[in-house]
Amino acid sequence: MTEAHDVAGETRLLIDGKLVEASSGDTFANIDPTTEEVLGDTADGTGQDMSSAIGAARRAFDETTWSTDHELRRRCLKQLHAACAAHIEELRAVTVAEVGSPIALTYANQVDLPIDDLGYWVDKPVSYQYEHWLPERDVFGQPQRRLVRREAVGVVGAITPWNFPLNLNLAKLGPALAAGNTVVLKPAPDTPWSATVLGRIIAEETDIPAGVVNVVASSDHMVGEVLTTDPRVDMITFTGSTATGRRIMAKGAETVKKVFLELGGKSANIVLDDAPDPGGAIAVSAIGVCTHAGQGCAITTRLLVPRSRYDEFLGLADAMMASVTYGDPWDAGNLQGPLISAKQRDRVMGYIEKGKAEGARLVRGGSRPAQFDKGFFVEPTLFADVDSKATIAQEEIFGPVLVVIPFEDDDDAVRIANDSIYGLSGAVTSASEERAMAVARRVRTGTLMVNGGFWNSPDVPFGGYRQSGVGRENGVEGFEEYLETKAIALPAR
Ligand code: NAD
């Protein structure tokens, strides 16, 4: 279905400033989710490679001026930003090919925006106030001067998923490096090139010192786990599933690592009965859930609609999902491409079967599209009359599947929205901003759209309540995640 595209990628790992093959000499295949064919190979990093990368990051942190030379970091981040911009078409091609992301989305938050957003971190090393004095105070009867100082945490293990890989690799490298840490980046096995190409750019086109950034791809998740147990690693920054996040937290406990987690979501879109533009409000979920085949953590995959306007709002959602064009991600007209893998496609199909078995009404889709003989596609799928306790209303599906749940009044909408182990994002729409804000304040979630507002920006903290995560990415809050706090006391002069 798709014509051949020239996507080279990068096979090599980056360890201690050198682009290298795996110590075993092994490689693993990078599969194109659209064609199911092999795009190329990537060095299959081993536990030994991971250990070498951690050793290099440790040395670079302990023995170079990286963490204290703020001007060096500013200059290196500026180079990295410019180099990524210069390689934007290569990164776009890699993203469409290995992620199966619709090319249209690469002009937004898959490629162009994250490269743009990297610019947000360039001046942070020099503009941030690392020290401040507290007022003098008597302690044990003696007047004291007290200095509060922020310092880099140390060696950061960055573990990323496959759905927005370039975005998340940069969202971790930007603040971690700006704050003065050294990093070992471990990408998902499904999307290694979104990291290894960055590794090559860093090695060849920036002055980032050897060991400051290491990139270790591997087909084996357990190679990533080495980061979570190695005592030389000070912090893990992880984006991925809640199940893996729990395991990382438990493993990190052995060496009391700082653990930063961006996990799954099952966000609710509450459209109140007086919504002035219900179409626009419903599109956030109905179109959103099809975009990139629903493989986004912050998508509002639960659409909560008032019982009084249930049929009308459900009809709007159905009509919108019917209009979604999907298929070849290289076609700029397609909003939805394939799922990342056969495993993920089968997982989504399993949820659809479960939804039917538990009594939800299948309004649209629910199958693998017959028109494609290759690729991990699933039809845009809409379920109505879903009980908030049903599996498809509770668990993250990570596919193009929307569930519609009716509510009685504002209190009931808030109750249903909060009836979740997650708390990542959400939306509220009403003709009355006051009413929408009253509901928004009661929803237990890290980000919210009110009346169509967008929170997506590098200066806005993003992250989850409850099992959607620990900590915040972006903004000053996101920068400070990568800093330790030291208090120094001196006798008053
Ligand atoms: P995943 O948890 O399976 O894998 C994520 C990464 O963790 C991969 O690099 C994987 O190799 C690694 N990993 C797996 N087991 C590990 C272990 N025991 N120790 C160390 N590393 C390990 O997630 P996924 O399937 O790649 O991504 C989809 C998930 O990511 C979804 O749940 C989605 O909601 C979540 N996500 C969250 C955000 C957010 O910001 N909250 C953003 C994007 C994706």
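Counting starts at 1 for both ligands and their atoms, following the listed order.
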Next item on the list: Scan Ile54, Val216, Leu185 and name whichever one has a side chain to side chain contact (heavy atoms under 4.5 Å, CB included) with Leu227.
Entry: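 So, applying the side chain to side chain contact (heavy atoms under 4.5 Å, CB included) to Leu227 and each of Ile54, Val216, Leu185, only Ile54 qualifies.
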
Checklist line | Identified side chain to side chain contact (heavy atoms under 4.5 Å, CB included) counterpart of Arg466 within the set Asn418, Leu424, Thr242, Thr445 | finding: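 Filter result, single survivor: Asn418.
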
Notebook entry, point to check: Has ligand 1 got any nitrogen or oxygen that is less than 3.5 angstrom from a nitrogen or oxygen of Thr242?
Noted result: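 No; every N/O pair is 3.5 Å or more apart.
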
Side chain or backbone of [X] under 4.0 Å from ligand 1, or both, or neither, by non-hydrogen atoms?
| X | value |
| --- | --- |
| Phe238 | side chain |
| Met222 | side chain |
| Thr160 | backbone |

Does the gap between the ring centers of [X] and [Y] come in under 6.0 Å?
| X | Y | answer |
| --- | --- | --- |
| Phe260 | Phe238 | no |
| Trp455 | Phe462 | yes |
| Tyr482 | Trp121 | no |

Which atoms of ligand 1 have any heavy atom of [X] under 4.0 Å away?
| X | result |
| --- | --- |
| Glu225 | 17 (C), 18 (N), 19 (N), 20 (C) |
| Pro189 | 11 (O) |
| Asn163 | 43 (C), 44 (C) |
| Pro161 | 24 (P), 26 (O), 27 (O), 44 (C) |
| Arg247 | 18 (N) |
| Ala188 | 8 (C), 9 (O) |

Is there a donor-acceptor contact under 3.5 Å linking the side chains of [X] and [Y]?
| X | Y | result |
| --- | --- | --- |
| Thr229 | Lys257 | no |
| Lys266 | Ser420 | no |
| Asp220 | Ser218 | no |

Notebook entry, point to check: What's the shortest distance from atom 31 (C) of ligand 1 to any protein heavy atom, and which residue and atom give it?
Noted result: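 Here the closest protein heavy atom is Glu396 OE1, 3.3 Å.
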
